[in-house]
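One structure is given here, and the rest of the page talks about it.
No experiment lies behind these values; they were computed from the predicted model shown.
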Amino acid sequence: MSENSEAPGTSPAVPPGGTPPGPQPEPLRFFGTTWVDHDGGYGLRRAGATVGSLAAAVAACFVLRFAYEGLEIAEVGGVVGMLVVLMFAVCSSIAFRKTWEGFGRRPADPSQEDRLRGLKSIGFIGSLLAYFIRSFAEAPGEKLRRTEYETALAQYDKRRSARTGNPAVRKGGKGKRPGRS
């Protein structure tokens with residue numbers, strides 16, 4: 001979220017050619033900021049993301065099948081073939097789980113996510129399937145971003161309303177300097 005500062009007492013009107021004051025929504029991959037009001041072809045984009053992620057997962061399965069057949073042609077042995085299948089299955093399940101968790105919350109340790117990047121790359125089919133399933137309900141990551149955006153808007157409104165008036169002139173006797181005679 002980004003926030004534009006504005007002087008107290010000024011109107012929150014949008015300047016010509018500018019952005020409105022306050023927090024701005026964070027864009028989502030393939031959706032931009034259409035997720036805020038579900039406009040600008042949001043439904044078509046969501047359908048496209050659903051179909052596209054499923055098509056990419058199916059194509060990836062075919063590529064992996066050709067790779068496995070290449071191992072059979074090379075006659076590397078049953079153990080190596082089984083290890084390759086097991087590796088892709090485990091990596092895909094971990095990638096699915098991590099991708100799914102990423103739709104609901106920010107990672108607690110970003111460096112841990114960076115260390116899992118290679119594993120998630122190997123298990124890319126799991127990430128594609130998580131994206132496919134999540135696209136049925138919402139744009140993947142929309143719920144998290146919406147919650148963050150609404151929280152930021154509420155905090156911005158609270159700060160804006162709290163800034164009215166001169167803070168040097170407050171009710172009560174605390175903090176007043178003694179009068180000089």
Side-chain angles (χ1 to χ4, degrees), residues 1-4 19 22-156:
M1 305 284 153
S2 63
E3 187 174 317
N4 297 328
T19 59
Q24 300 300 312
E26 188 176 345
L28 287 174
R29 181 181 300 155
F30 306 123
F31 294 92
T33 57
T34 61
W35 59 268
V36 177
D37 295 322
H38 292 191
D39 60 352
Y42 171 82
L44 289 174
R45 289 175 191 228
R46 214 169 99 194
T50 304
V51 171
S53 59
L54 181 63
V58 168
C61 287
F62 279 120
V63 169
L64 290 179
R65 179 181 164 95
F66 294 141
Y68 183 76
E69 287 176 359
L71 290 175
E72 286 180 348
I73 292 170
E75 296 177 1
V76 294
V79 175
V80 173
M82 193 55 79
L83 286 175
V84 168
V85 169
L86 182 65
M87 176 198 60
F88 274 105
V90 169
C91 290
S92 289
S93 66
I94 292 171
F96 179 90
R97 191 185 92 224
K98 288 296 185 180
T99 303
W100 192 266
E101 288 174 356
F103 294 146
R105 62 179 169 84
R106 299 276 182 182
D109 185 14
S111 63
Q112 178 71 16
E113 291 296 314
D114 288 341
R115 283 180 259 158
L116 290 175
R117 186 176 303 161
L119 190 128
K120 288 170 73 174
S121 297
I122 293 169
F124 62 98
I125 294 174
S127 292
L128 289 170
L129 291 176
Y131 209 84
F132 167 71
I133 293 170
R134 191 60 170 222
S135 294
F136 282 116
E138 65 176 7
E142 177 181 349
K143 183 177 180 182
L144 171 67
R145 304 279 166 72
R146 187 172 301 282
T147 303
E148 291 174 347
Y149 180 58
E150 289 172 353
T151 303
L153 280 175
Q155 289 173 348
Y156 176 76

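- Considering all non-hydrogen atoms of both residues, T34 and D39 come closest at CB-O, 3.0 Å.
- Although no hydrogens or angles enter the test, the distance criterion places a donor-acceptor pair under 3.5 Å between the side chain of S93 and the main chain of V90.
- The two atoms that bring V36 and P25 nearest to each other are CG2-CB, 3.5 Å, heavy atoms only.
- Note that CG of L28 is 10.0 Å distant from CZ of F103, once rounded to the nearest 0.5 Å.
- Residues passing the side chain to side chain donor-acceptor pair (under 3.5 Å) test with R45, sequence neighbours excluded: none.
- What you find for S127 and A95 is that their closest heavy atoms are OG-CB, 3.6 Å.
- Relative orientation of the F31 and Y42 rings is tilted, given thresholds of 30° and 60° on the angle between their planes.
- If you take NZ on K98 and NZ on K120, they are separated by 8.0 Å, rounding to the nearest 0.5 Å.
- You'll find the side chain of I122 reaches within 4.5 Å of the side chain of F88, heavy atoms only.
- Summarising the geometry of F136 relative to R46, their closest heavy-atom pair is O-NH2, 2.7 Å, with the distance given to 0.1 Å.
- Counted within 6.0 Å of CZ on R106, heavy atoms from surrounding residues, nucleotides or ligands total more than 12; the atom is thus considered enclosed.
- In plain terms, the two heavy atoms of S53 and L128 that are nearest each other are CB-O, 3.7 Å.
- The shortest side-chain heavy-atom distance between H38 and E142 falls under the 4.5 Å cut-off.
- With sequence neighbours excluded, the residues satisfying salt bridge (charged side-chain N to carboxylate O under 4.0 Å, His left out) with D109 are R115.
- Distance alone, capped at 3.5 Å, is enough to place a donor-acceptor pair between the Q24 side chain and the G22 backbone.
- V76 is not listed as a side-chain neighbour of V84, based on a closest heavy-atom distance of 4.5 Å or more.
- R146 has no carboxylate O lying under 4.0 Å from a charged side-chain N of E138, or vice versa, which leaves the two without a salt bridge.
- Proximity of a side-chain donor or acceptor of R105 to a complementary backbone N or O of L144 within less than 3.5 Å is not detected.
- Shown here for A57 and L129, the closest heavy-atom pair between the two residues is CB-CD2, 4.0 Å.
- The aromatic rings of F96 and W100 sit parallel to each other, their planes meeting at less than 30°, with 60° as the upper class boundary.
- Residue pairs meeting the side-chain hydrogen bond (donor to acceptor under 3.5 Å, both in side chains) criterion with at least one member in residues 59-86, sequence neighbours excluded, are R65-E69.
- How far CG of L116 is from OG of S121: 10.5 Å, rounded to the nearest 0.5 Å.
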